Amino acid sequence: MKKPPALRNNNGVVQVRLRLDGRDRFINRIGRWDDPVAQAKATAIAAQIWADHQQGILDASLLSYQPAVKGKEVGLLAALSKKAEATRQSSVIHAHRLLLAYGRPLKRRSDVEDLIAIYPRGIPFTSRLGVIAEHS
């Protein structure tokens, strides 16, 4: 990425646009273009992407930068839920329950550290495998 992400008016909807690995990528579902709160959210998302890129910790899938959608599970929690229902593997079910108990999205490294700090004995190895298997 050579330059920071930019805001774009996509038919009256705010969109964050960035060029990553020679391809245009977009983050949507932020809000209406004429809404100042949506503009502020988009600016914050763009700034976080640029800061993570500069620090070398950019999530190339861009999933961690997606805004949460009211009433819908998105990202890791939704993926673990589907996998737990499909496979009925105890490690995946346990990882899903850990994330449900945590109750907040895991978008940053600090969120993961907070999750781990809640469990003084650490997160069981099999639960970590369930999470890792979902991302492969």
Side-chain angles (χ1 to χ4, degrees):
M1 188 176 349
K2 294 181 181 178
K3 58 184 182 176
L7 303 188
R8 177 179 163 177
N9 181 351
N10 183 27
N11 295 323
V13 177
V14 179
Q15 191 176 55
V16 176
R17 177 196 176 272
L18 62 137
R19 190 141 182 96
L20 190 61
D21 298 328
R23 288 183 28 208
D24 284 338
R25 307 282 298 274
F26 302 95
I27 296 179
N28 300 304
R29 293 181 279 150
I30 300 170
R32 303 291 308 161
W33 181 257
D34 56 358
D35 180 7
V37 174
Q39 292 272 340
K41 285 180 185 177
T43 303
I45 291 169
Q48 185 63 50
I49 291 170
W50 185 246
D52 287 355
H53 172 70
Q54 294 298 315
Q55 295 173 23
I57 57 171
L58 178 70
D59 174 13
S61 71
L62 301 180
L63 289 176
S64 63
Y65 308 106
Q66 296 290 335
V69 178
K70 291 181 182 176
K72 292 184 180 179
E73 291 182 348
V74 294
L76 179 61
L77 190 57
L80 279 173
S81 176
K82 287 180 186 176
K83 187 164 186 163
E85 289 174 13
T87 65
R88 303 303 303 162
Q89 291 177 335
S90 61
S91 60
V92 178
I93 292 169
H94 186 67
H96 182 248
R97 287 182 184 157
L98 285 175
L99 287 177
L100 281 175
Y102 183 63
R104 296 188 301 260
L106 298 175
K107 291 193 170 201
R108 314 259 181 282
R109 177 175 290 200
S110 61
D111 296 336
V112 174
E113 290 168 355
D114 291 345
L115 171 66
I116 291 170
I118 289 174
Y119 301 95
R121 295 184 319 204
I123 296 175
F125 180 72
T126 55
S127 295
R128 290 185 215 164
L129 286 178
V131 173
I132 291 169
E134 187 53 47
H135 285 290
S136 18

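Just so it is clear, the model here is predicted, and its values are computed rather than measured.
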Nearest 0.5 Å, what's the [atom1]-[atom2] distance between [X] and [Y]?
| X | Y | atom1 | atom2 | result |
| --- | --- | --- | --- | --- |
| M1 | I49 | CE | CD1 | 6.5 Å |
| K82 | T87 | NZ | OG1 | 14.0 Å |
| Y65 | I30 | OH | CD1 | 13.5 Å |
| D52 | I57 | CG | CD1 | 4.0 Å |

Contact list for residues 1-11, test salt bridge (charged side-chain N to carboxylate O under 4.0 Å, His left out), sequence neighbours left out: none
Trace of the side-chain contact (heavy atoms from CB on, under 4.5 Å) decision for L7 with V16: CA-CA 5 Å; L7 303 188; V16 176; 4.0 Å; yes
Pairs under 3.5 angstrom only: tabulate donor-acceptor contacts from the side chains of residues 31-41 to other protein residues two or more places apart or in another chain.
{"unit_1": "R32", "atom_1": "NH2", "unit_2": "G12", "atom_2": "O", "d": "3.4"}
{"unit_1": "D35", "atom_1": "OD1", "unit_2": "V37", "atom_2": "N", "d": "3.1"}
{"unit_1": "Q39", "atom_1": "NE2", "unit_2": "W33", "atom_2": "O", "d": "2.8"}

Within one Ile-Leu-Val-Met-Phe-Trp-Tyr cluster: V13 and L18, side-chain cutoff 4.5 Å: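 Different hydrophobic clusters.
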In a table with atom names and distances, give each donor-acceptor pair under 3.5 Å that connects a side chain of residues 20-28 to protein atoms at least two apart or in another chain.
{"unit_1": "D24", "atom_1": "OD1", "unit_2": "R17", "atom_2": "NH2", "d": "2.7"}
{"unit_1": "D24", "atom_1": "OD1", "unit_2": "R19", "atom_2": "NH1", "d": "2.9"}
{"unit_1": "D24", "atom_1": "OD2", "unit_2": "R17", "atom_2": "NH2", "d": "3.4"}
{"unit_1": "R25", "atom_1": "NH1", "unit_2": "A60", "atom_2": "O", "d": "3.4"}
{"unit_1": "R25", "atom_1": "NH2", "unit_2": "A60", "atom_2": "O", "d": "3.3"}
{"unit_1": "N28", "atom_1": "OD1", "unit_2": "Q15", "atom_2": "NE2", "d": "2.6"}

Partners meeting side chain to side chain donor-acceptor pair (under 3.5 Å) with S61 (sequence neighbours left out): D59
Shortest non-hydrogen contact between P5 and W50, atoms and distance: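 Closest approach of P5 to W50, heavy atoms only: CD-CB, 3.9 Å.
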